[in-house]
> 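Got a structure for you, written out below as structure tokens; questions coming shortly.
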Protein chains: 2
Amino acid sequence: MIDALDGRIIELFTAEPRVGVLEASRRLGVARGTVQARLDRMARTGVIRGFGPEIDPAALGYTVTAFVTLQLRQAGGHDPVAAGLAGIPEVIEAHTITSPGDMLCRVVARSNADLQRVIDLIVATEGVERAASVISLANQIPARTLPLVRAAGRES
Amino acid sequence: MIDALDGRIIELFTAEPRVGVLEASRRLGVARGTVQARLDRMARTGVIRGFGPEIDPAALGYTVTAFVTLQLRQAGGHDPVAAGLAGIPEVIEAHTITSPGDMLCRVVARSNADLQRVIDLIVATEGVERAASVISLANQIPARTLPLVRAAGRES
DNA sequence: GATCCGCTGTACAGGTTGCACAGTGATCCG
DNA sequence: CGGATCACTGTGCAACCTGTACAGCGGATC
């Protein structure tokens, strides 16, 4: 999948996204073309999805994060519900999960009171029967992928 | 927090991260210095966390995603457990949540069998009493922040 | 032994960045 | 109302980086 050099490239660009390809090649001790080729390949194979800006919802005022488990009406399936949820900006992510007929959503809101409003929107979505929510008190391990990269880079 | 122009800047860089500041200023119809200043400000205030590469765990072979709810032993608190979990690469994210004494983790694995191994690691962590896991069958709404940006940009 | 593939080192033109400056309009405040 | 502050504009410049191409080299494959 990826090798140790790929891992080091990803690590470097994660730590300092502003470095260019040339500077990266200097730091890693390889030719510029190599770094470029590796980046191209990883982008092509999908390992690197992109270099878009990472937005912090908290800095935008959405300081409350919650996980909402949905119970769906059996008929109709998941997709229409997902489409409905996609219309709610505060629904940041949604998965269908193993518990039959259920979904798990990640939701943000400006306050606990605002969360109530968002949950009401979710429950009002066609096909949603019940919603159980759990509020995140602290993000003990912020989303990370570097350990995976290191693990994948070591073994191959 | 952010205004409409900030929103358009974020949107543009999300859609096409490779465009430079100059090209962005041309497309948005503003001066280059403005785009630069906005980006600097958003980076300074934390709205934009960074421009690091987004890694797709699935492309690295970690095709299984699961959400694991932990029940912790009362004594000891959350932090030591979080520290222990941080040592497991497959634990991608962890939150303490409202259910007293509990945590919610996002976990990836190479297969369902591999997931078992990861969960065993988690349960073996000092302070963890029980783990209940839910497997993600489909990512109906992939992690997104653009709707928030639009919402925040419109209103201010 | 021949071939393929990836890495290296080099070269070049064109574009971009970082920085600085002065001018302008809007907003705020005494 | 005058004055100050602030953000945006438009411009300029040197330095740097990117995209691309090419030839040489070593390892792996068959």
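Proteins get letters first, then strands, A, B, ... in listed order; numbering begins at 1 in each. It should be emphasised that the depicted structure is a prediction, and the values quoted were computed from it without experimental measurement.
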> With A/Pro147, which residues qualify under side chain to side chain contact (heavy atoms under 4.5 Å, CB included), at least two apart?
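So A/Pro147 forms a side chain to side chain contact (heavy atoms under 4.5 Å, CB included) with A/Arg144, B/Pro89.
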> By the salt bridge (charged side-chain N to carboxylate O under 4.0 Å, His left out) test, which pairs, at least two apart or in different chains, include something from residues 57-73 of chain A?
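Qualifying pairs, neighbours excluded: A/Arg73-A/Glu126, A/Arg73-A/Glu129.
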> Is any NZ, NE, NH1 or NH2 atom of the basic residue among A/Glu11 and A/Arg8 found under 4.0 Å from an Asp or Glu carboxylate oxygen of the other?
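Here A/Glu11 does not pair with A/Arg8 in a salt bridge, since their nearest N and O are not under 4.0 Å apart.
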> For the pair B/Arg106 and A/Glu93, find out whether any cationic side-chain nitrogen is under 4.0 Å from an anionic carboxylate oxygen.
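Yes, this pair counts.
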> Identify, residue by residue, the members of residues 5-21 of chain A with a heavy atom below 4.0 Å from DNA chain C, and return them in order of residue number, or none.
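Per residue number, the list is empty: none.
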> Using the test salt bridge (charged side-chain N to carboxylate O under 4.0 Å, His left out), find all partners of B/Asp56 that sit at least two apart in sequence or belong to another chain.
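Salt bridge (charged side-chain N to carboxylate O under 4.0 Å, His left out) list for B/Asp56, sorted by chain: A/Arg49.
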> We want to know whether A/Asn112 and A/Gln116 form a side-chain donor-acceptor pair, criterion being a heavy-atom distance below 3.5 angstrom.
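There is no such pair between these side chains.
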> Enumerate the residues from residues 44-54 of chain A whose closest heavy atom to DNA chain D is under 4.0 Å, giving them by residue number; use none for an empty result.
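Close to the strand, none.
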> Which of residues 36-43 of chain A sit near DNA chain D, with a heavy atom under 4.0 Å from it?
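Correct list: A/Gln36.
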> Would you please test B/Val81 and B/Met103 for side chain to side chain contact (heavy atoms under 4.5 Å, CB included) and show each step?
CA-CA 9 Å; B/Val81 177; B/Met103 295 188 70; 4.0 Å; yes
> Any link between B/Ile92 and B/Val118 through a network of hydrophobic side chains (Ile, Leu, Val, Met, Phe, Trp, Tyr) touching at under 4.5 Å?
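Unlinked, B/Ile92 and B/Val118 end up in two clusters.
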> Distance under 4.0 Å to a non-hydrogen atom of chain B counts as contact; along DNA chain D, which nucleotides mark the start and end?
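In short, chain B contacts DNA chain D from D/dC8 to D/dG12.
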> What residues, two or more places apart in sequence or in another chain, satisfy side chain to side chain donor-acceptor pair (under 3.5 Å) together with B/Ser136?
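B/Ser136 satisfies side chain to side chain donor-acceptor pair (under 3.5 Å) with A/His95 only.
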> Between A/Asp114 and A/Arg117, is there a side-chain N and carboxylate O pair less than 4.0 Å apart?
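A/Arg117 and A/Asp114: salt-bridged.
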> Roughly how many Å is it from CG in A/Leu22 to P in C/dT16, rounded to a whole number?
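Computing the A/Leu22:CG to C/dT16:P distance gives 18 Å.
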> Distances for protein N/O vs nucleotides 26-28 of chain C N/O pairs under 3.5 angstrom?
none

> Could you name each residue pair satisfying side-chain hydrogen bond (donor to acceptor under 3.5 Å, both in side chains) that touches residues 37-46 of chain B, not counting sequence neighbours?
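Pairs touching residues 37-46 of chain B that pass the test: B/Asp3-B/Arg38, B/Asp6-B/Arg38, B/Asp6-B/Arg41.
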> Scan residues 23-32 of chain A against DNA chain D and write down, sorted by residue number, each residue with any heavy atom closer than 4.0 Å; if none is found, say none.
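Those residues are A/Arg26, A/Arg32.
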> Quantify the bending of the helix from C/dG1-D/dC30 to C/dG30-D/dC1 as the angle between its end axes, each fitted on five pairs, to 10°.
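One end axis against the other gives 50°.
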